[in-house]
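Counting starts at 1 for both ligands and their atoms, in listed order.
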Amino acid sequence: MRPPATPVRPAGAILTIDLAALRANYRLLRERLGGAECGAVVKANAYGLGVEHVAPALRREGCRTFFVAHLSEGVRLREVLGPDPTIYVLNGLHPGAEAECAELGLLPVLNSDRQVAAWRHLASTLGRCLPAALQVDSGMARLGMSRPEIEALSRDPSLLDGIEVRLAMSHLARADEPGEPANAAQLKAFEALSALLPKARRALANSSGIFLGGSYHFDLARPGAALYGINPQPGRDNPMRPVVRIQARVIQTRIVEPGEGIGYGHRMVAPHRMKAATISLGYADGWHRCADSAAWFDSVRLPFAGRVSMDSIVLDASAAPHLEAGDLVEMIGGDQSLDDVARQAGTIGYEVLTSLGTRFQRIFLDD
Ligand SMILES: *Cc1c(COP(=O)(O)O)cnc(C)c1O
């Protein structure tokens, strides 16, 4: 990553988002997809990174189809991107939200026969055809229509009157486990169920699904995580470029004598004379309390000594004699990846990103 063009204002912690890396990740996924279209999932404020920067960057790369989870996210994204791109709302239609959805040209992912009926009803009221996606549950039991619901639609096509089915989609439960037979089973179920629906484009793969091979690509893919640098193939080399860097500022350093307790609960009692450094980052910034991790300074590892508190963490900085107040240490970056931090916290990169708080100074890089 290039250094930021704007001077760094003193802030507790800095979150740098590399939009050039994001765009390179989009291109890499598009290449892997061969002929299929590469959409982008930008739900949850683009996985916490800032949809008003992320979505236009992807748009410039040629992305035409976006996915959000909530109608409110679709409303925001429409403001950001204007009228052209296709925006699907994954969590479907809430009762009463149909008119706003249609007015803004947002396409609901219809997940149940009730949602289909509500959309059909609105189409008939408006006297025009309304586009939508239909989601089928191919074996995750989360969202999407069941086999009996699909069969009912297939027996009585008038249930879809006024609905233009643009996309038939489903979601994989175990795409990040390539050897898992559940993937092939879902693929088969999706092919069978989508064949019962009106002819439409089809979409199955999330980030990891793209790496399961061409038979999972269909017409359109829905990557999220991999765009943001999360490894779509856990346990193997990450083909994606890192997008996120987090640095925290040292607020204070001190010498701790042997036997002195450090941090809440005296998590550590100094076994010998130590240098401690307190940094300005804590669980209120989304750094999970259970993420017992380390910071890095000049590629030297500085393990956490105290517990993660709300606004600060005490590091064992004995290995960095020159570290002083005002310096920045790296929390996510070249020496410690997003996925490393997630593993240390017993979670996944998705949760680390979407937890990041509002106090960071956010810097967006691009070339
Ligand atoms: C969140 C989501 C995605 C994106 O998944 P990633 O693993 O982040 O690529 C794709 N499809 C659906 C239905 C989702 O809910």
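Comment: Asp219 does not engage Arg166 in a salt bridge, judged by the lack of any side-chain N to carboxylate O separation of less than 4.0 angstrom. A salt bridge is absent between Glu191 and Lys188: the closest approach of a Lys/Arg side-chain nitrogen to an acidic carboxylate oxygen does not fall below 4.0 angstrom. Under a 4.0 Å N-O distance rule, the pair Asp292/Arg307 does not qualify as a salt bridge.
Closest protein heavy atom to atom 9 (O) of ligand 1: Ser207 OG, 2.5 Å. Regarding atom 10 (C) of ligand 1, its nearest protein heavy-atom neighbour is Arg222 O, 3.3 Å. Counting only heavy atoms of the protein, atom 5 (O) of ligand 1 lies nearest to Asn206 CB, 3.4 Å.
Numbered from 1 in the order shown, with element, the atoms of ligand 1 that lie under 4.0 Å from a heavy atom of Ala225 read 6 (P), 8 (O), 9 (O). Atoms of ligand 1 lying under 4.0 Å from at least one heavy atom of Tyr350, given by number and element, are 6 (P), 7 (O), 8 (O). In summary, the atoms of ligand 1 found under 4.0 Å from a heavy atom of Lys43, numbered by their order in the structure, are 1 (C), 2 (C), 3 (C), 14 (C), 15 (O). Residue Arg142 approaches ligand 1 through these ligand atoms, each under 4.0 Å from one of its heavy atoms: 15 (O). Which parts of ligand 1 touch Pro223 is read off a 4.0 Å heavy-atom cut-off, strictly below it: atoms 9 (O).
Within the 4.0 Å heavy-atom criterion, the part of His171 lying near ligand 1 is the side chain and not the backbone. Within the 4.0 Å heavy-atom criterion, neither part of Met140 lies near ligand 1.
Considering backbone and side-chain N/O atoms, Met169 never comes within less than 3.5 Å of an N/O atom of ligand 1.
For Tyr47, the heavy-atom gap to ligand 1 drops under 4.0 angstrom.
Between Tyr88 and Phe67, the ring planes are parallel. Angles under 30° get that label, and only those over 60° would be called perpendicular. The aromatic rings of Phe218 and Phe190 stand perpendicular to each other, their planes meeting at an angle above 60°, with 30° marking the opposite boundary.
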**Study point:** side-chain contact (heavy atoms from CB on, under 4.5 Å) between Leu187 and Ser215, intermediate numbers included
**Key:** CA-CA 8 Å; Leu187 176 62; Ser215 53; 3.8 Å; yes
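Checking side-chain atoms of Lys275 against main-chain N and O of Ala320 turns up a donor-acceptor pair under 3.5 Å.
Gln252 and Thr278 share no donor-acceptor pair across their side chains, judged by distance under 3.5 Å alone.
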